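So the structure is just underneath, and the comments pick up after that.
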Amino acid sequence: MLESLRVKNVALIDEAEIEFQKGLNILTGETGAGKSILIGSINLALGAKADKSMIRTGAEYAFVELVFSITEKEQMEKLKELDVYVEDGSLVLQRRILPSKNVCKANGETITNRTLKEIGEILMDIHGQHEHQSLLKEKKQAEILDEFCPDSLKEIKEQIRELYSVYMEEKEKLDELENKGENKDKEIALMQFELEEIQQASLTLGEDEALEKAYEKMANSRKIAETVELAHSLLNGTSEGNVISLFGRAMGEVTSIAAYDKELEEILEDMVNGEDLLLQLSRRMEDYGRTLSFDENEFREISSRLNTINHLKSKYGDRIEGILAYQEEIQKQLLMLTDLEEYKAELLKKHEKTEQTLFKLCGEASAIRKEQAVLLEGKMKEALVDLNFLEVQFQIAFEEKQPGRDGYDKINFLIALNPGEPSRPLEAVASGGELSRMMLALKTVLAKKDRIGTLIFDEIDTGISGKTAWKVSEKLGMLGKDHQVICITHLPQIAAMADSHFLIEKNREEEKAVTRIRPLSREEMLEEIARLLGTDNVTDAGMNNAMELKKMAEKSKQY
């Protein structure tokens with residue numbers, strides 16, 4: 001359940017906090033007061049796209065916080081899979097939106113925006129103002145049916161997706177082989193040339209690195225020899241200014257005074273060690289100088305070998321490992337092309353077996369869908385009748401297509417709104433208000449199955465009025481018995497059904513428009529219902545009508 005929402009510096013809201021309750025939470029307010037901003041803030045806290053334009057003018061950042069209480073073990077297990085742990089039954093989601101970045105947190109731990117979205121899918125179901133239009137799309141209809149189906153379908157769909165990837169890879173390979181057959185001789189000739197070129201080089205791993213080091217040393221041999229000779233001379237040359245000679249004189253001076261102070265004796269001991277080190281360095285430098293030599297023929301051979309290797313690198317790989325891997329690959333390709341027909345026959349046989357298994361899995365998925373479709377049809381008809389579709393017929397049609405990632409079923413929702421009319425696709429029959437009610441019916445049916453904790457409806461009353469509005473109100477009231485429902489509405493019939501009622505107002509404060517949200521007392525609820533029934537000036541007649549609506553709503557919730 002969503003316990004509270006805190007919003008700071010989002011659009012017109014400078015700072016607001018709402019403590020939601022169980023049952024049906026109704027939000028009302030004038031057009032433009034900021035009701036959509038409120039739902040948008042919840043979406044932001046659940047990972048919706050955000051940018052700096054959402055930050056209130058003059059503010060450095062925007063901030064949204066949702067606090068949930070979680071009691072269902074299944075939800076806790078799903079959250080744990082996302083490395084989100086709920087130890088005391090409370091989950092706090094926060095999102096801070098800065099001009100250059102977003103920071104998302106769950107119980108104080110930083111998380112990714114993607115994880116935030118996944119958490120939202122576990123805890124809430126948000127029905128946006130225009131989402132009912134998605135019902136017209138076949139893809140959405142297929143998703144709804146699959147959501148109604150048991151977990152066994154999910155397992156089969158995972159198998160289908162894995163096998164479908166294999167199926168498509170094999171198909172692409174067969175198509176590629178078909179093209180290869182047309183240019184077979186040219187490809188064989190090219191591969192043989194490349195293979196011969198690589199084999200003639202007789203490459204060994206690490207050879208290039210060793211040659212490059214040798215080449216660099218020989219190319220700079222003169223400079224190396226001159227520098228080594230100079231360094232040796234400075235260490236131990238004939239000049240009185242060489243390092244070892246000067247160091248020896250310094251030792252002699254310190255030796256003459258070392259007896260006067262123990263610390264000087266320690267310094268002298270270190271100087272003796274230093275002299276030994278200098279002598280060792282001098283000998284090593286001299287020995288290294290003797291090893292220096294330059295062979296013109298060897299240098300040419302190294303240079304030529306490096307040119308050969310670099311030429312192969314430019315064609316077949318950045319490193320010798322890559323060249324040898326390419327060699328291995330074209331050897332396989334040559335073997336395949338040499339006996340192309342047999343290779344194609346083997347792959348085709350394998351592909352046909354994959355296709356058979358894929359169709360079998362698609363058939364299993366289809367059987368589950370068709371069985372569940374009958375149940376969904378019955379539940380949907382019942383829910384639609386409750387929403388004032390008195391003579392409605394609802395059907396789910398199946399058509400087999402080419403296998404895809406989810407199977408081979410093409411799903412289409414069909415409906416007949418009047419007696420004697422044939423069932424037709426939704427887009428050919430339903431108006432905006434009818435689609436809105438159908439979405440409410442679907443949400444009701446699916447929520448009962450999946451036990452979604454919190455449902456949010458943003459203006460579910462689009463395109464409805466009168467008796468139908470009351471039916472929608474009753475449905476929301478029934479839904480609020482088992483779920484937490486948060487609903488934005490303009491209709492007094494739906495507002496009357498509220499267990500908790502919040503008013504959203506836009507005021508002018510310090511030359512700025514500011515949105516405020518506050519809970520209403522019972523008397524204030526009646527005044528707001530009366531306002532929705534008529535004009536800004538609430539009359540006694542309006543209040544009497546509001547009280548009557550409220551009594552009717554309370555009576556309907558008792559059943």
Side-chain angles (χ1 to χ4, degrees), residues 121 125 127-128 130-172 174-175 351-384 389 392-418 421-432 434-450:
E121 290 171 2
D125 188 354
H127 174 67
H130 305 293
E131 186 190 349
H132 56 268
Q133 293 296 327
S134 66
L135 267 180
L136 301 178
K137 299 177 181 178
E138 291 177 1
K139 183 181 178 183
K140 181 65 175 180
Q141 294 172 13
E143 287 175 358
I144 288 169
L145 176 58
D146 283 5
E147 190 177 345
F148 183 78
C149 290
D151 289 341
S152 56
L153 176 63
K154 189 184 296 184
E155 294 169 6
I156 292 174
K157 281 173 66 175
E158 288 175 1
Q159 294 176 48
I160 289 172
R161 286 172 183 172
E162 290 176 9
L163 197 60
Y164 181 72
S165 296
V166 175
Y167 174 82
M168 291 305 296
E169 286 174 9
E170 291 173 351
K171 189 175 184 303
E172 289 173 12
L174 283 167
D175 292 340
H351 184 62
E352 287 171 350
K353 187 175 180 180
T354 302
E355 187 176 49
Q356 288 174 1
T357 308
L358 181 60
F359 267 92
K360 181 176 178 293
L361 286 171
C362 289
E364 292 175 10
S366 183
I368 293 173
R369 289 188 178 113
K370 287 174 180 175
E371 180 183 350
Q372 294 299 314
V374 176
L375 298 176
L376 181 56
E377 287 172 346
K379 290 182 179 296
M380 274 298 294
K381 183 175 180 180
E382 183 182 332
L384 289 169
F389 287 95
V392 69
Q393 295 297 323
F394 181 83
Q395 293 176 294
I396 300 175
F398 285 79
E399 183 182 334
E400 189 174 315
K401 59 180 182 179
Q402 280 296 111
R405 295 183 71 253
D406 294 321
Y408 60 41
D409 289 318
K410 180 180 179 181
I411 308 298
N412 203 343
F413 288 177
L414 306 178
I415 194 166
L417 298 175
N418 299 300
E421 289 184 354
S423 296
R424 292 188 291 168
L426 296 186
E427 66 268 20
V429 179
S431 65
E434 288 163 341
L435 284 174
S436 181
R437 281 186 284 160
M438 286 179 198
M439 182 60 84
L440 175 57
L442 282 166
K443 296 285 184 181
T444 304
V445 171
L446 294 175
K448 285 181 179 178
K449 185 176 181 67
D450 293 337

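Computed from a prediction, not measured in an experiment: that's the story for all the values here. The first residue in the sequence is number 1, and the count goes up from there.
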Task: Counterpart residues, salt bridge (Lys or Arg N to Asp or Glu O under 4.0 Å), relative to Lys171 (two or more places apart) - done: Asp175
Task: Listed partners of Glu155 passing side-chain hydrogen bond (donor to acceptor under 3.5 Å, both in side chains), at least two apart - done: none
- [ ] Using side-chain contact (heavy atoms from CB on, under 4.5 Å) as the criterion, list what pairs up with Glu143, not counting sequence neighbours.
- [x] Lys139, Lys140
Open item on the list: Please evaluate residues Met380 and Ile396 with respect to the criterion side chain to side chain contact (heavy atoms under 4.5 Å, CB included), reporting the C-alpha separation (whole Å), side-chain torsions for both, the decisive distance (0.1 Å), and the verdict.
Closed with: CA-CA 11 Å; Met380 274 298 294; Ile396 300 175; over 6 Å; no
TODO: Only counting residues at least two apart or in another chain, list the ones meeting side-chain contact (heavy atoms from CB on, under 4.5 Å) with Ala383.
DONE: Ala441, Val445, Lys475
Task: Spatial distance of atom CE (Met168) from atom OG1 (Thr354) [nearest 0.5 Å] - done: 12.5 Å
Task: Sequence neighbours excluded - side-chain hydrogen bond (donor to acceptor under 3.5 Å, both in side chains) pairs with any residue from residues 363-376 - done: Asp146-Arg369, Lys360-Glu364, Ser366-Asp409, Arg369-Asp409
Open item on the list: Restricting to non-hydrogen atoms, name the atom on Ala373 and the atom on Phe398 that form the minimum distance, rounded to 0.1 Å.
Closed with: CB-CE1, 3.8 Å
- [ ] With sequence neighbours excluded, give me every side-chain hydrogen bond (donor to acceptor under 3.5 Å, both in side chains) pair touching residues 399-408.
- [x] Arg161-Asp406
Task: Candidate list Met438, Arg424, Gln393, test side-chain contact (heavy atoms from CB on, under 4.5 Å), partner Ile415, passing option - done: Met438
Open item on the list: To check you understand the geometry: which heavy-atom pair defines the closest contact between Cys362 and Pro403, and what is its length?
Closed with: SG-CB, 4.1 Å
TODO: With sequence neighbours left out, write down each residue that passes side-chain hydrogen bond (donor to acceptor under 3.5 Å, both in side chains) with Ser423, or none if nothing qualifies.
DONE: Gln395
TODO: For Tyr167, check ring pair (Phe, Tyr, Trp, His ring centres under 6.0 Å) against everything at least two apart and list the hits.
DONE: His351
Open item on the list: Applying side-chain contact (heavy atoms from CB on, under 4.5 Å), can you list everything that pairs with Val374, at least two apart in sequence or on another chain?
Closed with: none
Open item on the list: Taking ring pair (Phe, Tyr, Trp, His ring centres under 6.0 Å) as the definition, give me every residue that meets it alongside Phe413, ordered by chain and number, with sequence neighbours left out.
Closed with: Phe394
- [ ] List in chain and number order the residues that pass side-chain hydrogen bond (donor to acceptor under 3.5 Å, both in side chains) with Glu377, two or more places apart in sequence or in another chain; answer none if no residue qualifies.
- [x] none
Task: Nearest heavy atoms of Ile160 and Ala365, plus distance in Å - done: CD1-CB, 3.9 Å
Open item on the list: Measuring from atom CG of Leu446 to atom CD of Glu147, what distance do you get when rounded to the nearest 0.5 angstrom?
Closed with: 4.5 Å
Task: Gln141 versus Leu426, closest heavy-atom pair with distance - done: NE2-CD1, 4.0 Å
- [ ] Calculate, to the nearest 0.5 Å, the distance between atoms CD1 and CG belonging to Ile144 and Leu442 respectively.
- [x] 4.5 Å
TODO: Supply the atom-to-atom distance Phe389 CZ to Leu417 CG, rounded to the nearest 0.5 angstrom.
DONE: 6.0 Å
Open item on the list: Is it the case that atom NZ in Lys157 sees more than 12 heavy atoms from other parts of the structure closer than 6.0 Å?
Closed with: yes
